[in-house]
Every structure is written in C-alpha cells, then in structure tokens.
Number of protein chains: 2
Amino acid sequence: MTTLNEVAARAGVTPATVSNVLRNRGRVGAATRERVLHAVKELGYRPHLAARALAEGRAPTFALMVSSIANPFYPEFTLAAERAARTSGHFLIVCNTNDDQETGRAYLEQIAGTLSEGVLVTNAELVFDDLRATAERGTPVVLCMWERPDDPPGLPCVAVDFRLAGALAAQHLLDLGHTRVGALVGSRSTHDDGAPFGIHGARRDGFVERFSAADDAQIVAEFICESDTIRGGYDAARRLLKAHPDVTALYATNDLPALGAMHAAADMGLSVPDDLSVVGITDIQLARESRPALSTVAVPTEEAARMAVDLLRELIDRAPRASRGNPGTPMRVTSAPVMVPRASTAPPRTRDQRTRSSLRKR
Amino acid sequence: MTTLNEVAARAGVTPATVSNVLRNRGRVGAATRERVLHAVKELGYRPHLAARALAEGRAPTFALMVSSIANPFYPEFTLAAERAARTSGHFLIVCNTNDDQETGRAYLEQIAGTLSEGVLVTNAELVFDDLRATAERGTPVVLCMWERPDDPPGLPCVAVDFRLAGALAAQHLLDLGHTRVGALVGSRSTHDDGAPFGIHGARRDGFVERFSAADDAQIVAEFICESDTIRGGYDAARRLLKAHPDVTALYATNDLPALGAMHAAADMGLSVPDDLSVVGITDIQLARESRPALSTVAVPTEEAARMAVDLLRELIDRAPRASRGNPGTPMRVTSAPVMVPRASTAPPRTRDQRTRSSLRKR
DNA sequence: GTGAAAGCGCTAACAA
DNA sequence: TTGTTAGCGCTTTCAC
C-alpha cells in the first residue's frame, strides 16, 4: 500500500506538500505539483480514507437507517439518498435494522460519529430517545420522511404532508363518484406505545376527514393491516370485502397493501376497477408496473432524500465540533404529494351495470 | 466526544490498559477491569472506529457493489449479505453503481482497502480488470453470483449453477407436456464486448439444451429482452406472442421479465396458465406475490451471500498484509437451484380446450 | 498486571 | 512556495 510519505519521497518533497497538491489547498508551484502528480500516478497512490477521517475529525460517509430493505420503498429511497450523498462527497452506509430496535441501536452506537458524519433515518422505528442521544453527542441526525408537518418530532427532519396525501386519495374517490368505501390502515409499529406517531395516522386522518366531509359519502369500514405488505393488504382486504360487499372502493394507506387488495379482489371474482376501485399512497415503482396499474398518491421521494442530505450537511457545518446550546430542530417540508390516477380506479358501476357484473362472476 | 485517554484518566490507568480491557487482550486484574468498565459506562465512551481502523490496519466494513438497487433481487441479496457481514463483525457499505462503470470504478478506487476490508461484487458490470487490480493491490474481492461453475472467472467467487437452473425450467415445462415454447433471454450487458460472460448465457443454454433434447419439443423462438425489467419482459413477450401465437409456454431467464410476460399475456387476452404458462428464474419475493404466483427456479440467495462473506473472510485472514504469490482464486459452488412450481404454469390445453379458450377471448 | 512509547496515514497550523 | 511539527484516537510491542 502506497502512502503519502512514499509519494513525497518519490517526488522529492514533504508529505505536507503532497497533501496540499492533492486537495488543492495552499499554494504549490506548478513544477512541484507536476512532479507530485506524476509520482502519485506512478505509484498508484490512493489516500487512506480512515486516516484522513481521523486527521480531519470528520468521516466521509453518512449512515442511512432503514427499517426493512425488503419493503421496496426503502431501496427506492436509498437510491435517491445515495445519489444525494455522493454529490455531497459522501458514501452511504446502509444500515438495515430489519425492524429490530436493538440492531438499530447497535448501528447508532457504533457508526455514528466515528465512521459516519451524520445519520439519515427513514422511520421512527428507532426510539426517538436513541436518536436524540446521538444527536446530543454531536452527530447530526435527520429524520427523512416525517409524516406530520404540523407536528414536529423535536428532531431535525424533512416532512412530507401525508395528511394531504390521504385527503387527495379521498378527493379522487369522491370525484369519481364513490360514496361507500373501505379503508385499509397500515400499522406495523411495534413500538406504538400510544405514541403520537402511530405510523400511518396522518394518512388515515387526512382521508377520513376529507371523505367524511362530503355529503352522502361514508367510510363503511376501516380495517387494520397486520403488516405493511402485499400479504397484509390481501388479508385485510379479504376480510373487509367479506364483511362489507357493498363498498365500491378501497383506500390503503400504502401501495403494497393496495396491491394486495387488488389481488384479493381478483381472487374474490371482482374486477378492478369495474367492480372495485383501489387507491394507495406513495407511488412506488411497482404501482406503475402492476396490472391494472395502481392509482396512487405520489410522494416526492427524490426530493425528500435530497433535502435530507442538504439539511444534514447544514447541521454538520453549523456544529463543527461542539454543538453547545440547542442548535434548534429545523424542519423542511417537501412539495406536496400529487394524485396519480391510473387504471385501478374508475367511477362505481350504476345499479344496472352492477347486475351485469354479478352475472359475469361465476 | 470521549476518548480512550479520558476513560483511562478517569479510571486511573493508562490507555493501554483500557484498550486491553475493552478487547479482552492481555491480562488485566479483576479490580482494574471493574474500574475501567465503570468509567467507560460513566463517560458513555464509544471507540472511534476510524482511529481503530487506522491503528489496526484493517477496516470494519465490507463494500457490496450492486449494479442497480432498483432491481428487487439486489435488495434481497443485500439483506442477506448484510446479515452475514454483521455476524462477521462488519458493516456493509452498499455501493450502488447504477449500472455505471465509472461510478463502480470510483467506489473501488476510494473505498477498497481504506474504508473497507474487502469487496463483494454481485455482477460483472464492472470490468474484471478493475476488480483484479484492487485484488492485486491487496484488497480481497469476491464475486457473489457467478453464473458458470464450469468456467471460473479467474477471481475468487461464489458460483450458482444457472445452467442447471435453465435446465430445471425446461424440464418443468416438458413434464407438463409443453412442446412448443418461446424463450425470453435477458441481456442487459452494456459491456458485452463478446466477453465470455454474456449475462444470461448459462441460463439460456441450460434451457435450450434440455428442452431441445426432448423428442417432439421445440423452442419456437428466442427473443431478447432489452432490459432486465418487467417492462423489458412485457415488450419482448408481446412481440414474441404476436409472431408466434402458437406457443403454449414462455421461459424467461429472470423473474422480472417473466412477470412482464404475464402482464403481456393478460393484455392480449390470454389467461395464465390456461392459455399460456410462464416460468422464470431466481424466485424473488415478487414471484410469490404476483397473481397468478410465478413458477420459477429458486436460486440459493441467502446461501450465496453467506458463502461469499465466508470466503472473503478467509481471503482476508490468509493475506494479512502482503499477498505475494498468487493466493489462488478459489471458487465455491452453492447448493443446486430448485424448481418451485406455482400457479403460472400448467399443462397446455388440449386442442379441444384451446377452441373453447379462443371463444372466450373477445 | 500495568505502563511507556512508538506509530498507523494523514492534515493543519505555523515557520522558514 | 515549501518544510516542520504536532497531533487525530487507538493498538501494540516491550519493559517494568
């Protein structure tokens, strides 16, 4: 392994000069620079990142805590975060907590501040206390997808207005003429402990408020999804549709359960969207690729990732070493979610059509 | 930030002793150990990973190069690799090259050896020369999903017998009684340059060999998938089915295109598996969750990840610092892939049934 | 059992 | 413009 020293020796200068050349600091003569660069190339020198981190007192990576890389939303977010991090000169260490609090804590303990300069968190699976602790220890932490802009978490964060997202979904169904619908509320929070941040609370409330505000419109039933997965949505939808066969549309607080609801409908002989409309939230890639394509409320993932990295950088610059005095807990809000109508929603059948539809079922 | 020194001062010992206590090296008196541990807890000391890495001459992370985290296979593999890495005491830095050679090279240049002790590579998107270069520079590299056990890449690797996978898919179709089928061959290799490692070559060959060996059986057409995605499979399947409406089954060299093929069939009014059987390779999670569930050849992802990490560790231990003399390029082979029949495959209709089926199409 | 000292590879004042 | 000198926080011989 080639070191700075070796390069310096080769070029007939001191390590300091080599360092200066490599990072464009301080003034260096053109001739020397030339010689140094040559030596670098010749020896195939590559700076030792750990050494540099130690000397600089900063690390070249960010840590991204995700609760479960199995949920396709996270890879998508990760991708965006990684891009953003790289433009900021950082690598991204993906810390998969696998929904396990202990694992998350371990990552935080070990990585934060020593291997990573800052921590990005996509979910509140981790108890806030741990996050606050690391923040107070001097490692900036940014929450990436806070769901309630109206209710800051007391930690720097990027918020997305998920209540609005829910409202948009409601409006979409209303616009199509649906008056009797069901809701599938995802809730995978292991650590709910009645905390103010029940995972999908805002998404639910937004939908319920808007939908209920309309004349004649009624949410016939709300079912909880055991898990925020296709399977979870499938099971919940089946139960809901069995209990309330008269609903003409289903709202799910996330795309995966919405996809599951479509499968459930298919298995029950209902055609989507003719017999049943389905709408979700997020607009993960699968939503575009499902059959029929899922109508959903798109959430600005890319933007959120970018903003989160930006915010993290600001926090780092702001608190160079010692962050005495509360540095504040800034909150950024992304642009609004937007409804993306696709093939899984349509006006409800008229009574006439419904009869026909029933006949078609075996 | 608390340092070893501070802890030492607090406990009334020297840093060396603290270090010894923390890593269970050297003999330390029970009483001192007690005091040290106490001080550690009291001060909330956490070792500085970068400093440790520098002092030890080794890093606490592995790098995982993936070509595209957007393809759900990679997150699944990543998950497995991360688990394996953690049991080995390493963090996993996920390096998403986004199918870009330059990005990949940049990661390799910067991370390998200085921030990561070893490199795991899931694809040959990176030119082998770069990988060999880093390996020769002293940072172990392991290829994770080499597709041809019979043709080692000249780099340490974990191989999966994808030729057999293809053969199993063929056998499955044969067993069901299909005699006229089509093949969708994925090929996303940007850097094909006629290299011996055409991305899905083995998967194709295995299928073709086995299927063609059967009497009366014929592969009516092979179409290339432009991209290894649902979309890619959709397009290719449409073209194939238009040109050859008589095939009773489709084989795709990967699950995503297979899923796309199912969508194409649906859009063309064909019912799967009644009018058309579809089989893929890999068994990603989506395969289980699609409607109908996809019949596919499951590949031992978890096992491959585990073996790759094990192999990496061995290489690291074997070549403590200077790896003079070819350390060899070991290859491990996972257990065999296995056919997982699900709902997307069935015996072809008899002529009689086919007629009925045609009638049902609008 | 515990301490002293050197050094991992690099950066960052400050001198020259 | 370049060199000198200290470290960054930790590990690791080797004495004591």
Side-chain angles (χ1 to χ4, degrees), chain A residues 1-37 39-40 43-60 110-115 117 137-139 320-322, chain B residues 1-37 39-40 43-60 110-115 117 137-139 320-322:
Chain A
M1 202 212 152
T2 340
T3 74
L4 243 206
N5 265 301
E6 297 170 6
V7 175
R10 181 75 131 137
V13 295
T14 65
T17 303
V18 178
S19 177
N20 280 334
V21 169
L22 258 29
R23 34 204 2 258
N24 288 317
R25 302 296 216 76
R27 262 130 285 284
V28 188
T32 351
R33 144 172 272 105
E34 208 45 47
R35 255 184 311 140
V36 169
L37 257 21
V40 164
L43 268 35
Y45 168 77
R46 299 171 318 129
H48 193 295
L49 263 33
R52 180 178 281 180
L54 182 57
E56 282 183 320
R58 64 203 321 278
Q110 299 188 64
I111 284 197
T114 69
L115 213 59
E117 225 184 336
R137 229 190 271 123
T139 307
R321 279 302 79 203
Chain B
M1 202 214 148
T2 339
T3 72
L4 243 207
N5 265 300
E6 297 170 9
V7 175
R10 181 73 131 142
V13 295
T14 64
T17 304
V18 179
S19 177
N20 279 334
V21 168
L22 259 29
R23 30 201 14 252
N24 289 316
R25 302 299 216 72
R27 266 129 285 283
V28 188
T32 347
R33 141 171 274 104
E34 209 43 51
R35 258 185 308 140
V36 168
L37 256 20
V40 164
L43 267 35
Y45 167 77
R46 298 173 317 131
H48 193 295
L49 263 31
R52 180 177 282 183
L54 183 56
E56 282 184 319
R58 61 200 327 273
Q110 299 187 64
I111 285 197
T114 69
L115 212 61
E117 221 182 340
R137 231 192 268 121
T139 306
R321 278 300 85 199

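First the proteins, then the strands, lettered A, B, ... as listed; each starts at 1. Computed over heavy atoms, backbone and side chain alike; hydrogens, waters and symmetry mates excluded.
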- Task: Determine the minimum heavy-atom distance between T3(B) and Y45(B), stating which atoms define it.
- Result: C-CE1, 3.6 Å
- Query: Mind checking what makes side-chain contact (heavy atoms from CB on, under 4.5 Å) contact with A59(A), not counting sequence neighbours?
  - Reply: none
- Task: Starting at atom CZ of R58(B), determine the distance to atom P of dT11(D), rounded to an integer number of angstrom.
- Result: 12 Å
- Item | From T139(B) atom OG1 to L115(B) atom CG, the distance as rounded to the nearest 0.5 Å | 11.5 Å
- Message: What is the distance, to the nearest angstrom, from the CZ atom on R35(B) to the P atom on dG1(C)?
- Response: 15 Å
- Message: Please report the end-to-end axis angle for the helix from dG1(C)-dC16(D) to dA16(C)-dT1(D), five pairs per end, rounded to 10 degrees.
- Response: 40°
- Task: Would you mind classifying the nucleic acid contact of T32(A) as base, sugar-phosphate or nothing, using non-hydrogen atoms under 4.0 angstrom?
- Result: sugar-phosphate
- Note on the structure: B/S/- along nucleotides 5-16 of chain C (protein heavy atoms under 4.0 Å) is --BBBBBB----
- Task: Answer yes or no: does a side-chain N or O of T14(B) lie under 4.0 Å from OP1 or OP2 of dT2(C)?
- Result: no
- Please state how far atom CD in E6(B) lies from atom P in dG9(D), giving the value in whole angstrom units. 8 Å
- Task: Name all residues meeting the side-chain contact (heavy atoms from CB on, under 4.5 Å) criterion together with A55(B); count only those two or more places apart in sequence or in a different chain, and write none if there are none.
- Result: none
Where do N or O atoms of nucleotides 14-16 of chain D meet protein N or O atoms at under 3.5 Å, pair by pair?
none

- Task: Of all the heavy-atom pairs spanning P60(A) and L49(A), show the shortest one and how long it is.
- Result: CG-CG, 4.4 Å
- Measure across L4(A) and P15(A) and return the closest heavy-atom pair with its distance rounded to 0.1 Å. CD1-O, 3.7 Å
- Item | Nearest-0.5 Å distance that lies between atom OG1 in T2(B) and atom CZ in R46(B) | 8.0 Å
- Can you sort out the partners of A51(A) under side-chain contact (heavy atoms from CB on, under 4.5 Å), two or more places apart, ordered by chain and number? H48(A), L54(B)
Exercise answer: donor-acceptor pairs, residues 17-30 of chain A side-chain atoms, under 3.5 Å, sequence neighbours excluded:
residue	atom	partner	partner atom	Å
T17(A)	OG1	T14(A)	OG1	3.4
R23(A)	NH2	E56(A)	OE2	2.7
N24(A)	OD1	R33(A)	NH2	3.0

- Query: What closest approach, in Å, do P47(A) and R52(A) show between heavy atoms, and which atom pair accounts for it?
  - Reply: CB-NH2, 3.5 Å
- Can you list the residues that meet the salt bridge (charged side-chain N to carboxylate O under 4.0 Å, His left out) rule with R10(B), with sequence neighbours excluded? E42(B)
